[in-house]
2 protein chains.
Amino acid sequence: MNASTLLLERLSALIHQSVRSEAARHGLLPMHLQVLSYLDRANQYSDLPIAIAEYFGVTRGTVSQTLTVLERKGLVARDPDAHDRRRVHLRLTPAARNLLADSWTRRVDETLRDLPVESDPLEQNLRALLTGLQRLNGQQAFGVCHTCDHFLREAHGARCGLTGEPLAEEQTFKLCREWTGTTD
Amino acid sequence: MNASTLLLERLSALIHQSVRSEAARHGLLPMHLQVLSYLDRANQYSDLPIAIAEYFGVTRGTVSQTLTVLERKGLVARDPDAHDRRRVHLRLTPAARNLLADSWTRRVDETLRDLPVESDPLEQNLRALLTGLQRLNGQQAFGVCHTCDHFLREAHGARCGLTGEPLAEEQTFKLCREWTGTTD
DNA sequence: CATTTATAGTATGGAGTCGATACAAATACC
DNA sequence: GGTATTTGTATCGACTCCATACTATAAATG
């Protein structure tokens, strides 16, 4: 087996462990924290149960139950979609944002800063790896909005070429389940 | 948040998803497959329930139950330790080895080969990342036996300086929970 | 050597994941 | 307008996971 594949497997186990202990400190399970973190980075087309199911590769039923738990804990709220009455938009409550503030990712940030490697090549490597694995899984790409082929920069703000809708500035930095392109 | 941290989080989610779908194809859960994969790479000091608990950051009770399931499915066997009657060594059955043969890691291997990055820098980056994160978690390092400070190369074979026992050649390429050193 | 302490593993109960299946409601397609 | 598809929910069974308690063995300590 490829040495990097082994490293990736151990890296993944370690990250999952970080998430687990982080979640446990808040009385949550890993999936709870992962969903909250995802919702924090999902744009208006991706803050839906189905998007969470696609992103994590679980069924809609599982997501539905997880969201029931998160809603009961006061971390997530459900809002109906204005145009499609089947859809439900998820929204993080202040409590959830508070909880995410001292995430394990902060410590990872610090770890990355102290690493004896240059950050640019590391980032390029990780990005290539991510793209390759996404292709491998035959899965939705979930790239950042403003790097999408559909993204249109306009005189005042931006627009999504797929939906035709204008995009608020903060949306353009978030993940989108409709993302299409070559380099995220 | 650091760009690489974000990428790491998405990478981890993607890998976990690969493991999940791989496991589902065999009627297993992610943890089942992860434990089997771990046992395939654990040396004689690390094929214990306690080592699995340390590696994945879960309690001994959880591991105990998972192993009960894996044993019932005929994927793992328990052997008593010759010197310490509290200990139980886990052993993969032929069925388990068969199951691991077409692991998702094979497809990751292929993905890595096709990546537009050089493999050496990628490996170095991942290794640095791994070391940093292990330090971050304040966790057992689980390095490869023959890179350990305790490892002694001898005229005929090798020996562990910690236990004083001779090491079979194939053991020296496996993970050890007692590993100590600076570079794995 | 006897007592104490630490270690390795198991048993049990409760909350929650997860897939499978079935279902309801709304939209898309023709 | 009728059918197919999409989105989300409800329910059941197997399993994870933690907390706690417990047994057995080994190590440390006097």
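Within every chain, numbering begins at 1; the chains are lettered A, B, ... in the order of the sequence lines, protein sequences first and strands thereafter.
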Exercise for review: Output yes when at least one side-chain N/O atom of B:Arg78 is less than 4.0 Å from OP1 or OP2 of C:dA8, else no.
Suggested key: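 For B:Arg78, the contact criterion (side-chain N or O under 4.0 Å from OP1 or OP2 of C:dA8) is not met.
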
Point to revise | Below 4.0 Å: OP1/OP2 of C:dT17 and any side-chain N or O of A:Thr66 | key: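 Yes, such a contact exists.
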
SB check [X] [Y] (cutoff 4.0 Å):
{"X": "B:Arg127", "Y": "B:Glu123", "value": "yes"}
{"X": "B:Asp40", "Y": "B:Arg97", "value": "yes"}
{"X": "A:Glu71", "Y": "A:Arg78", "value": "yes"}

Review point. First and last nucleotide of DNA chain D touching chain B, 5' to 3', heavy-atom cut-off 4.0 Å?
Key: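 Reading along DNA chain D, I get D:dC15 to D:dA26.
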
Specify the separation, in whole Å, of atom [atom1] of [X] and atom [atom2] of [N].
{"X": "B:Gln34", "N": "C:dT17", "atom1": "CD", "atom2": "C1'", "answer": "14 Å"}
{"X": "A:Asp81", "N": "C:dT27", "atom1": "CG", "atom2": "P", "answer": "9 Å"}
{"X": "A:Phe56", "N": "C:dG19", "atom1": "CZ", "atom2": "P", "answer": "13 Å"}
{"X": "A:Leu28", "N": "C:dT17", "atom1": "CG", "atom2": "P", "answer": "10 Å"}
{"X": "B:Arg20", "N": "C:dT17", "atom1": "CZ", "atom2": "C1'", "answer": "9 Å"}
{"X": "B:Arg60", "N": "C:dT7", "atom1": "CZ", "atom2": "C1'", "answer": "7 Å"}

Practice item. Answer yes if the side chains of A:Ser46 and A:Trp179 hold a donor-acceptor pair under 3.5 Å, and no otherwise. Key: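 Looking only at side-chain atoms, A:Trp179 and A:Ser46 do not form any donor-acceptor pair under 3.5 Å.
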
Practice item. Decide salt bridge (charged side-chain N to carboxylate O under 4.0 Å, His left out) for B:Glu54 and B:Arg177; before the verdict, give the C-alpha distance in whole Å, the side-chain angles of both, and the deciding distance to 0.1 Å. Key: CA-CA 8 Å; B:Glu54 286 168 0; B:Arg177 65 183 284 235; 2.8 Å; yes

Point to revise | Residue whose nearest DNA chain D nucleotide is more 5′ - A:Ala24 or A:Ala51 | key: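 The answer here is A:Ala51.
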
Check your understanding: For A:Leu29 and A:Ile50, take the nucleotide of DNA chain D holding the closest heavy atom to each; which residue's nucleotide lies nearer the 5' end?
Key ->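 So the residue in question is A:Ile50.
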
Review point. So what does A:Thr68 hit on the nucleic acid, given a heavy-atom distance under 4.0 Å: a base, only sugar-phosphate, or nothing?
Key: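 No contact.
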
Check your understanding: Base, sugar-phosphate, or nothing for B:Arg85, non-hydrogen atoms under 4.0 angstrom?
Key ->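 Touches sugar-phosphate only.
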
Check your understanding: What's the closest nucleotide to the B:Gln65 side chain, out of C:dG9, C:dG13, C:dG19?
Key ->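 Selected nucleotide: C:dG13.
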
Check your understanding: Counting side-chain heavy atoms from C-beta on, which of C:dA26, C:dC18, C:dG16 comes nearest to A:Arg72?
Key ->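 Closest nucleotide among those given: C:dG16.
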
Review point. What are the two closest heavy atoms between B:Ala96 and B:Leu36, and how far apart are they?
Key: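 Taking B:Ala96 first and B:Leu36 second, the nearest heavy atoms are CB-CD2, 4.3 Å.
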
**Study point:** Whichever of A:Thr59 and A:His83 has its nearest DNA chain C nucleotide further upstream toward 5'
**Key:**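 Its nearest nucleotide being more 5', the pick is A:Thr59.
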
Point to revise | A:Arg86 vs A:Lys73, nearer the 5' end of DNA chain C by closest nucleotide | key: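 Nearest-nucleotide comparison on DNA chain C picks A:Lys73.
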
Check your understanding: Would you find a donor on one side and an acceptor on the other, under 3.5 Å apart, between the side chain of B:Ser12 and the backbone of B:Glu9?
Key ->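 Answer holds: no.
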
